[in-house]
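Residue numbers start from 1 in every chain, and the chains themselves are labelled A, B, ... in the order their sequence lines are given, proteins ahead of strands.
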Amino acid sequence: MASSSSTEHTVKDNAGDGAQNPETKEEDKKDDSMFECNICLDTARDAVVSMCGHLFCWPCLHQWLETRPNRQVCPVCKAAISKEKVVPLYGRGSSKQEDPREKVPPRPAGQRTEQEPGNSFSGFGFGDNTFHMSFGIGAFPFGFFTSTFNIGDQRPHAAPQGTQQHMEEQFLSKIFLWLAIVFLTWLLMA
Amino acid sequence: MAGMSPSERRLQKELMSLIKDPPPGVSVDAGIAEQNLLHWIINMEGAAGTLYEGERFQLQFKFSNKYPFDSPEVTFVGPNIPTHPHVYSNGHICLSILTDDWSPALSVQSVCLSIVSMLSSCKEKQRPPDNAFYVKTCNKNPKKTKWWYHDDSV
């Protein structure tokens with residue numbers, strides 16, 4: 001396994017004097033595996049760490065997130081995970097301090113052209129595409145009832161309290177009120 | 001190891017660590033695996049103190065070049081297929097980590113341990129209730145089966 005031994009070699013070089021001692025070498029190896037990506041098992045490159053503390057190469061984690069786009073969980077502990085919630089790690093040795101997340105996503109960046117000068121309408125805030133408008137016909141059922149059931153300007157007087165007619169009228173008015181409410185809710189839901 | 005695909009690199013690493021430091025009762029047939037990294041045979045012993053004590057089983061692992069993002073295809077092969085409520089007589093295993101719950105942080109070793117543990121917690125040796133029908137109708141690849149994981153007790 002050529003590459004594995006070459007990794008060890010680099011570790012030895014970095015460790016310097018202690019490398020000759022077999023015990024230290026074993027420890028070095030342990031330290032090295034502490035920084036292995038949980039997916040490719042190599043030392044993490046373009047390392048990112050999840051909120052749950054698990055280390056990955058960004059290319060590896062990105063590929064996993066792409067594999068299951070609607071179920072993004074940490075491969076190690078199954079905690080929720082997302083591109084926005086991983087932290088890139090910058091060691092002292094890394095030459096470029098650029099966010100690894102910027103590099104891999106194959107998704108191309110959006111094309112943005114500058115607005116042409118002279119278009120003065122943007123000041124109203126309608127420039128963005130988030131403007132919405134909605135209409136409602138709130139009074140419709142009541143207008144319907146008044147025009148249908150109260151024709152003529154001579155409204156009959158309410159029946160005196162306690163009579164059979166009064167009870168019936170109360171009952172009817174309740175029914176109509178409920179009908180109106182049901183109709184309104186139906187209108188709102190539809 | 002230059003010119004190896006990422007999946008082969010990872011499999012090579014796993015193979016080395018499994019040869020060097022295998023979990024108890026598990027050993028890999030290094031010859032077969034080294035010939036073709038995408039096809040491994042694992043020898044497994046039933047754990048002591050369980051219904052499978054003293055029995056030996058063979059597991060076959062088939063990897064795609066999308067490994068570890070794609071789960072391996074794992075089946076029991078050879079003369080002795082364990083009699084277990086989650087193991088069909090054709091060697092197919094009903095185990096969620098082999099399909100839906102697969103994660104690239106799992107490995108051949110962790111899959112082997114899961115299977116040993118699945119066997120060890122068995123209370124009564126029996127085939128799955130739908131064994132006869134499944135074995136007759138299933139695809140050769142267990143990953144094509146729409147498994148229904150409902151029993152977490154074994």
Student: Would a single hydrophobic cluster contain both I93(B) and L113(B), if residues Ile, Leu, Val, Met, Phe, Trp and Tyr are joined by side-chain heavy-atom contacts under 4.5 Å?
Tutor: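 No, separate clusters.
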
Student: Taking all heavy atoms of A105(B) and all of P75(A), pick out the closest pair and write down the distance.
Tutor: CB-O, 3.4 Å

Student: With the 4.5 Å side-chain cut-off for hydrophobic clustering, are I41(B) and I81(B) part of the same group?
Tutor: no

Student: Whether R68(A) and D100(B) form a salt bridge (side-chain N of Lys/Arg under 4.0 Å from carboxylate O of Asp/Glu) is what I want to check.
Tutor: no

Student: Looking at OG of S107(B) and CG of L41(A), how far apart are the two atoms once the value is rounded to the nearest 0.5 Å?
Tutor: 7.5 Å

Student: Do you know which two heavy atoms are closest between C60(A) and F69(B), and how far apart they sit?
Tutor: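 For C60(A) and F69(B), the tightest heavy-atom pair comes out as O-CE2, 3.3 Å.
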
Student: Got a sec: does the NZ of K66(B) have more than 12 other heavy atoms crowding it under 6.0 Å?
Tutor: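 Incorrect, the count does not exceed 12.
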
Student: Select one option (side chain, backbone, both, neither) describing which atoms of D101(B) are under 4.5 Å from chain A's heavy atoms.
Tutor: both

Student: Do F35(A) and V87(A) sit in one hydrophobic cluster, given that two such residues count as connected whenever their side-chain heavy atoms are within less than 4.5 Å of each other, even indirectly?
Tutor: yes

Student: Are the side chain of K78(A) and the backbone N or O of S103(B) linked by a donor-acceptor pair below 3.5 Å?
Tutor: no

Student: Find out whether P68(B) and I39(A) are in side-chain contact, i.e. whether some heavy atom of one side chain is under 4.5 Å from a heavy atom of the other.
Tutor: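 Result yes, sub-4.5 Å side-chain heavy-atom pair found.
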
Student: Could you see if V108(B) belongs to whatever hydrophobic cluster contains L15(B)? Use Ile, Leu, Val, Met, Phe, Trp, Tyr and a side-chain cutoff under 4.5 Å.
Tutor: yes

Student: Tell me whether V77(B) is reachable from Y88(B) by hopping between hydrophobic residues (I, L, V, M, F, W, Y) whose side-chain heavy atoms are closer than 4.5 Å.
Tutor: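 No, no single cluster joins them.
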
